[in-house]
2 protein chains.
Amino acid sequence: MRDVAEHAGVSVRTVSNVVSGYPHVSPATRARVQRSLDELGYRMDYLARGLRSGRTGFVALAVPFLAEPYFAELAQAVVKAAARRGVTVLIESTGGDSEVERRILAGGLTNVADGVLLSALTVPPEAAAVQPDFPLVLLGEHGVGDRLPRVGIDNVAAARTVVEHLLDQGCRRIVALGRNGSENGRQRTEGYRQALAAARVRPVNWLVVPVDDWTRKQGYDAVRRLLDGSGPLPDAVFAFNDALAIGALRALDASGVRVPGEVAVASIDDVQEAAYAHPPLTSIAPDLDVIAERALTLLEEQAASQDAGPAGSAPDAAPFRLVVRESSLRAPNAPNVPSGREASPRLASAGEGGQ
Amino acid sequence: MRDVAEHAGVSVRTVSNVVSGYPHVSPATRARVQRSLDELGYRMDYLARGLRSGRTGFVALAVPFLAEPYFAELAQAVVKAAARRGVTVLIESTGGDSEVERRILAGGLTNVADGVLLSALTVPPEAAAVQPDFPLVLLGEHGVGDRLPRVGIDNVAAARTVVEHLLDQGCRRIVALGRNGSENGRQRTEGYRQALAAARVRPVNWLVVPVDDWTRKQGYDAVRRLLDGSGPLPDAVFAFNDALAIGALRALDASGVRVPGEVAVASIDDVQEAAYAHPPLTSIAPDLDVIAERALTLLEEQAASQDAGPAGSAPDAAPFRLVVRESSLRAPNAPNVPSGREASPRLASAGEGGQ
DNA sequence: GTGAATGTTTGCATCGATGCAAGAGCGGGC
DNA sequence: GCCCGCTCTTGCATCGATGCAAACATTCAC
């Protein structure tokens with residue numbers, strides 16, 4: 001910048017004024033500086049700006065596994081929303097390592113980012129208890145410390161919606177696939193329970209199958225074990241996310257079980273892959289755009305407020321929709337076409353998120 | 001840091017020495033400073049360090065679409081490799097916008113990252129012509145400016161390997177699905193041509209189907225059109241990436257065409273989804289770990305060399321493997337199990353990358 | 001006891017930008 | 001003719017860390 005100033009014959013400060021769009025610069029000077037800027041190929045050093053001004057224009061997003069489609073699509077939505085605000089997203093993949101997550105909660109990304117969005121598998125309670133001194137919003141995870149602001153769908157309601165749909169299809173022996181140590185898993189189990197209880201399903205038909213993590217492989221293995229077991233077959237599988245459902249579908253197919261004829265399948269996430277599954281997968285579609293938008297807004301509000309740290313959480317949940325596809329239709333007369341979010345509007349009933 | 005220095009009764013410089021692990025600090029002092037560090041909850045300001053030292057510890061990775069599984073898995077591999085070196089990855093999603101890519105090539109991420117990894121859909125020739133003044137490595141894209149260093153598989157060889165495999169299975173009317181404006185598309189088409197020519201397939205059976213982009217939807221639509229057309233059915237589809245293949249599989253299934261019985265399908269990428277497709281998809285698996293590792297090494301070398309900019313490219317290609325699954329086996333006697341990379345070693349023949 | 005060698009600590013300048021407030025130039029009102 | 005107010009431009013200090021080299025302390029050899 002000093003070079004540019006010399007080249008244009010003005011002070012460093014004036015160059016800064018031109019670059020940052022300060023209004024009181026004469027057109028002549030502005031033009032001359034601009035020319036020098038171009039000629040010398042000046043590039044702003046964002047670090048220096050960040051150091052002086054305290055704001056970097058970065059927002060950090062930490063997710064457990066970038067290669068998991070749900071998180072990739074979430075990241076994409078955040079990047080898109082951030083671009084609209086002129087903000088660059090710095091993505092970090094924690095690998096689900098709670099040590100890394102702890103480090104982030106402890107402020108490991110402060111100074112380099114104006115705010116942090118954390119999508120943790122499980123927020124350790126003791127970490128959730130402390131009040132961070134930087135803008136922070138949790139994505140998805142919920143319920144542990146309501147002290148931390150959070151954006152996500154109502155997991156209980158989402159699970160209940162899926163199970164109610166399966167009940168509507170005449171299923172009575174529904175497996176809940178995916179309980180693990182996570183809070184999300186607990187809540188989705190709870191939604192499953194509520195739906196069954198409301199429908200007065202006999203307790204002998206309540207089946208909760210645990211898994212280690214929410215991957216295709218775990219879904220495949222769990223269903224394989226289920227089919228090899230001695231108990232009566234279920235007539236539906238409610239998978240806690242699409243990856244588990246995809247694995248379940250493959251296992252059912254491998255065992256020659258017809259879907260949805262013998263077993264209906266539905267889950268939560270509605271990743272792109274779901275519409276191309278075999279058969280196309282019924283799933284809950286969280287509104288990722290709204291989630292991303294709201295999360296960034298919360299960060300901005302925190303940054304603007306004096307105390308800088310996360311304030312009391314706004315507890316309203318993000319909206320979601322149930323996207324019904326062939327995998328859960330017991331009387332399959334729907335066309336066997338991949339139906340995206342807009343492709344089958346008549347089949348998509350509104351979710352109950354947002355309240 | 002100043003606060004810590006006062007609290008511990010030492011100079012700022014000594015605190016810096018402790019933090020950065022400078023060897024000549026007496027144990028007593030080190031302990032005292034460390035205690036103050038913990039007590040005051042000191043956090044390093046990476047911006048300031050980066051400003052002073054010129055190295056930030058960040059590497060930028062720009063990909064077109066994070067939500068595309070291939071790029072998500074590539075990003076995951078880069079993050080993992082970077083973590084081993086104590087480097088943090090800053091991921092940017094360009095949205096395939098060539099304007100954004102141009103901005104990155106022009107140095108939009110310099111100063112904030114020590115190096116840039118760019119996975120561009122199409123590198124504009126005029127942008128590839130200039131010599132960047134910062135460490136830069138291209139991922140995947142290839143052939144335009146051999147001046148820019150690049151890491152990726154040999155697309156021609158990969159495509160040839162797939163088509164040879166389909167020919168081995170007895171296929172003679174093979175569709176190449178995925179030509180578009182990209183250099184990658186051109187090269188994969190070339191590999192297809194080479195394989196057919198070597199096998200003396202009659203020109204009437206050479207079918208190249210263009211698409212707009214390499215997505216499931218484009219694959220679905222293109223195959224739909226193909227099946228609705230009047231020409232004789234192909235007996236194999238070689239899709240240029242897994243997304244196209246997944247779309248193709250769905251279209252074939254929707255039309256009641258048996259895979260691999262009537263039409264074999266194979267492609268390139270071997271994303272996790274491929275092993276769970278219906279039927280499990282034969283695909284070329286590029287060694288993403290090697291690609292990521294090599295790309296970071298190239299960045300380091302550039303950073304170490306005096307001229308700082310990318311030097312002449314090391315033109316050796318990254319290794320890949322052909323992972324054979326059910327979708328391409330004309331006599332399907334393989335178990336209908338999702339076979340991951342390690343799951344079916346006997347079926348996986350070595351690729352010819354790396355030479 | 002003296003000088004050298006090694007080990008430990010410190011001060012100062014600096015990276016590149018911006019916040020702040022003052023200085024320079026100029027036209028108009030009374 | 002003087003002062004006020006406005007526009008445009010500038011100098012200086014500063015953000016938080018590190019490079020450099022000097023200063024100080026301690027030990028050792030002769």
Side-chain angles (χ1 to χ4, degrees), chain A residues 1-37 40-58 86 88 107-114 133-134 303 308, chain B residues 1-37 40-58 86 88 107-114 133-134 303 308:
Chain A
M1 193 173 219
R2 177 167 21 240
D3 300 339
V4 175
E6 282 177 17
H7 185 271
V10 297
S11 76
V12 189
R13 198 60 186 78
T14 299
V15 177
S16 172
N17 285 340
V18 171
V19 171
S20 58
Y22 181 71
H24 297 305
V25 178
S26 74
T29 308
R30 183 179 299 275
R32 192 151 39 90
V33 171
Q34 189 60 54
R35 200 147 38 78
S36 299
L37 242 31
L40 298 183
Y42 169 79
R43 288 193 296 255
M44 162 74 82
D45 184 328
Y46 295 98
L47 293 189
R49 159 191 279 186
L51 175 59
R52 185 66 183 95
S53 67
R55 321 203 87 215
T56 59
F58 291 128
T88 301
L109 290 172
T110 322
N111 291 331
V112 68
D114 297 335
D133 59 348
F134 56 92
Chain B
M1 194 173 220
R2 175 166 23 239
D3 300 339
V4 176
E6 284 178 16
H7 185 272
V10 295
S11 76
V12 189
R13 199 60 188 76
T14 298
V15 178
S16 172
N17 284 340
V18 171
V19 171
S20 58
Y22 182 71
H24 297 305
V25 178
S26 74
T29 309
R30 183 180 299 276
R32 191 151 39 90
V33 171
Q34 190 59 54
R35 199 149 38 79
S36 299
L37 242 30
L40 299 182
Y42 170 78
R43 287 193 296 256
M44 161 75 81
D45 185 329
Y46 295 97
L47 293 190
R49 158 192 281 186
L51 174 60
R52 185 67 185 93
S53 67
R55 323 203 86 215
T56 59
F58 291 129
T88 301
L109 291 173
T110 322
N111 290 331
V112 68
D114 296 335
D133 58 349
F134 56 92

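For the numbers below, each heavy atom of this structure counts, side chains included, while hydrogens, waters and symmetry mates do not. The structure displayed is predicted, hence computed values, not measured ones. Residue numbers start from 1 in every chain, and the chains themselves are labelled A, B, ... in the order their sequence lines are given, proteins ahead of strands.
With contacts defined as side-chain heavy-atom distances shorter than 4.5 Å, the pair B/Val33/B/Val19 does not qualify. Considering only heavy atoms from C-beta on, A/Leu109 comes within 4.5 Å of A/Val112 through its side chain.
Bending across the helix from C/dG1-D/dC30 to C/dC30-D/dG1, expressed as the angle between its end axes from five pairs apiece, amounts to 60° (10° rounding).
A search for side chain to side chain donor-acceptor pair (under 3.5 Å) contacts involving A/Thr110 returns nothing, not counting sequence neighbours. When the side chain to side chain donor-acceptor pair (under 3.5 Å) test is applied to A/Asp114, the partners found at least two apart in sequence or on another chain are A/Thr56. For A/Ser11, the side chain to side chain donor-acceptor pair (under 3.5 Å) partners two or more places apart in sequence, or in a different chain, are A/Thr14. With sequence neighbours excluded, no residue forms a side-chain contact (heavy atoms from CB on, under 4.5 Å) with A/Arg52. Considering only residues two or more places apart in sequence or on other chains, A/Ser53 meets the side chain to side chain donor-acceptor pair (under 3.5 Å) condition with none of them.
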Distance-only check: which donor-acceptor pairs under 3.5 Å involve side-chain atoms of residues 41-48 of chain B, not counting sequence neighbours?
unit_1, atom_1, unit_2, atom_2, d
B/Arg43, NH1, A/Ala106, O, 3.0
B/Arg43, NH2, A/Asp133, OD1, 3.1
B/Arg43, NH2, A/Asp133, OD2, 3.2
B/Asp45, OD1, B/Leu47, N, 2.8
B/Asp45, OD1, B/Ala48, N, 3.2

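Side-chain N/O atoms of B/Ser11 include none lying less than 4.0 angstrom from OP1 or OP2 on C/dT9.
Residue pairs meeting the salt bridge (Lys or Arg N to Asp or Glu O under 4.0 Å) criterion with at least one partner in residues 3-13 of chain A, sequence neighbours excluded, are absent. Residue pairs meeting the side-chain hydrogen bond (donor to acceptor under 3.5 Å, both in side chains) criterion with at least one member in residues 22-34 of chain A, sequence neighbours excluded, are A/Ser26-A/Thr29, A/Gln34-A/Asp38.
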Grab the N/O contacts between the protein and nucleotides 16-21 of chain C below 3.5 Å, and write none if there aren't any.
unit_1, atom_1, unit_2, atom_2, d
C/dG16, N2, A/Ala48, O, 3.3
C/dA17, OP1, A/Tyr42, OH, 2.6
C/dA17, OP1, A/Asp45, N, 3.1
C/dA17, OP2, A/Met1, N, 3.2
C/dT18, OP2, A/Ser16, OG, 2.4
C/dT18, O2, A/Arg52, NE, 2.9
C/dG19, N7, A/Arg13, NE, 3.4
C/dG19, N7, A/Arg13, NH2, 3.0
C/dG19, O6, A/Arg13, NE, 3.1
C/dC20, N4, A/Arg13, NE, 3.3

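DNA chain C lies under 4.0 Å from no heavy atom of any residue of residues 24-36 of chain A.
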